[in-house]
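A quick write-up on the structure given underneath.
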Amino acid sequence: MNEKIQHIADSEWEIPTNFVPGMRVPGRFFLSESLAKGLEEGALTQLANVATLPGILCNSLGMPDIHWGYGFPIGGVAAFDEETGIISPGGVGFDINCGVRMITTPLTLADIPDMKELVESLYETVPTGVGSKSPVRLSQNDLSSMLTDGAKNAVELGYGMKSDISRCEENGAMPGAEIEFVSKKARQRGVPQCGTLGSGNHFLEVQVIDEIADEATAKTFGVAEDQICVMIHCGSRGLGHQVCTDHLQVLEEATKKYGIRLPDRQLACAPLHSPEGEAYFGAMAASANYAWANRQVITHLVRELFAKKFGISYEEMPLVYDVAHNVAKWEEHDISCGGPRRRVCVHRKGATRAFGPGRKEIVQEFRDVGQPVIIPGSMGTSSYLLAGTAGAMEKTFGSTCHGAGRVQSRSSAKKNLTGDMVAHDLARRGIIVRAPNAAAIAEEAPDVYKPSSEVVQVVHDAGISRIVARFRPLGVIKG
DNA sequence: ATGTGC
């Protein structure tokens with residue numbers, strides 16, 4: 001670990017304000033000693049760079065899955081003051097509202113005689129891979145409604161149940177979407193892609209719950225041991241990517257216009273209430289809503305298949321929850337480093353909201369225990385269901401990690417591994433994987449990620465969320 | 001992440 005970094009608690013570290021010139025606040029990150037050994041210097045510098053941005057409050061924060069990203073590190077959280085703060089696409093990421101959701105089923109392992117066949121059917125049912133197109137036909141008008149109303153619109157079009165909506169963060173639709181700031185090009189990319197998984201780390205996975213850590217909370221969330229579940233991890237596809245690209249260009253100009261000095265041009269940003277900042281926010285919120293609709297449509301495709309195959313009803317496959325991993329939001333927070341409770345703009349990039357008990361944003365049925373937090377593992381490692389905590393409200397503006405966190409680049413993974421090798425290893429451990437090509441499997445091998453168990457243990461130990469249940473992978477569809 | 005790179 002860099003000598004300037006201070007180890008302030010078991011799994012908490014501080015970056016002092018002299019780490020890079022112009023830091024307004026210290027950096028703070030959460031890592032066990034063993035994970036700290038693997039921390040990239042580049043991610044550390046990025047975390048410090050974020051601390052130079054105007055209006056940043058308390059700390060530039062890093063979750064235990066932190067790694068190098070575009071401008072801001074992935075696994076980064078930063079909250080900005082409404083009056084003096086900025087908004088930055090680099091603090092959200094290219095895949096706006098990349099996120100994850102989980103449905104339960106009434107099935108156990110014994111009910112699935114042929115996992116390979118199920119995985120193959122799922123692969124045929126859910127369009128997968130770069131440039132894949134959806135069976136869903138959207139008109140431009142449909143798309144406009146989707147950008148405004150998110151998952152609710154998908155349900156109105158017949159993809160899902162009314163009860164799904166309140167089980168999504170933001171009820172599946174962020175307020176403040178402004179479709180006039182979504183370019184024609186972005187819309188054109190979005191029309192054929194709603195209901196598609198995408199590629200890279202996106203996946204659809206059949207899992208079984210193999211450990212319950214907190215019986216009472218598990219019961220509240222509606223999950224139990226031995227239950228078969230389906231997890232869906234994807235985002236806003238080409239539409240969100242195009243929105244990010246379009247607005248980065250505008251915000252690079254705005255950075256100059258407003259005289260903001262940056263240590264890295266990838267931190268391009270604008271004051272929160274500037275026309276440029278507001279335009280990005282409106283387009284980002286619209287993209288986030290598209291991502292919720294996308295996950296909602298995929299959920300419907302999965303339910304349709306399971307209903308047919310196993311003779312179960314849609315009502316027996318409720319949504320546990322849906323969380324966003326890449327988004328900036330207006331939220332009210334007590335400012336732990338001082339000052340009155342106020343509205344701030346929280347950027348979470350590769351980080352999950354983890355609101356603790358009592359927050360009004362949490363659906364009534366979960367409000368007393370804290371929001372469900374879903375943390376996907378890598379292809380061969382467990383996923384987790386956690387609950388948000390008061391500790392997250394105090395330390396991280398109500399945030400926690402979002403996944404295992406990559407430790408090896410895609411190119412290096414392809415150099416060291418072949419897809420066949422990885423698929424074979426997984427099969428020996430009882431995990432079926434299906435992808436459009438072998439490279440997609442090699443790039444996502446379990447070895448290129450931190451062990452999800454260690455990452456989740458850090459956020460549990462640090463008190464910024466608490467473990468409720470563990471999910472073992474059985475069958476994976478990769479893009 | 002992405003119709004994957006000026």
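Just so we're clear, the structure is a prediction, and the values are computed from it rather than from any experiment. First the proteins, then the strands, lettered A, B, ... as listed; each starts at 1.
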* Asked: Is the shortest side-chain N/O distance from A/Ser199 to OP1 or OP2 of B/dT2 below 4.0 Å?
  -> yes
What is the nucleic acid contact for [X], judged by heavy atoms within less than 4.0 Å: base, sugar-phosphate only, or nothing?
X        : answer
A/Lys133 : nothing
A/Arg410 : sugar-phosphate
A/Gly235 : nothing
A/Gln193 : sugar-phosphate

Length of the [atom1]-[atom2] vector between [X] and [N], whole Å:
X        : N     : atom1 : atom2 : value
A/Arg237 : B/dT2 : CZ    : P     : 5 Å
A/Tyr290 : B/dT2 : OH    : P     : 11 Å
A/His202 : B/dT4 : NE2   : C1'   : 14 Å
A/Tyr70  : B/dT2 : OH    : P     : 17 Å
A/Glu443 : B/dT2 : CD    : P     : 12 Å
A/Glu444 : B/dT2 : CD    : P     : 11 Å
A/Ile74  : B/dT2 : CD1   : P     : 13 Å
A/Asp246 : B/dT2 : CG    : P     : 16 Å

* Structure fact -> Residue set satisfying salt bridge (Lys or Arg N to Asp or Glu O under 4.0 Å) with A/Asp81, at least two apart, ordered chain then number -> A/Arg342
* Quick one: salt bridge (Lys or Arg N to Asp or Glu O under 4.0 Å) partners of A/Arg237, sequence neighbours excluded? -> none
* A/His347 and A/Phe72 aromatic ring geometry - parallel, tilted or perpendicular at 30°/60° bounds -> parallel
* Measure from NZ or CZ of A/Arg167 to the centre of the six-membered ring of A/Tyr321 and say whether it is under 6.0 Å with the direction within 45° of the ring axis. => no
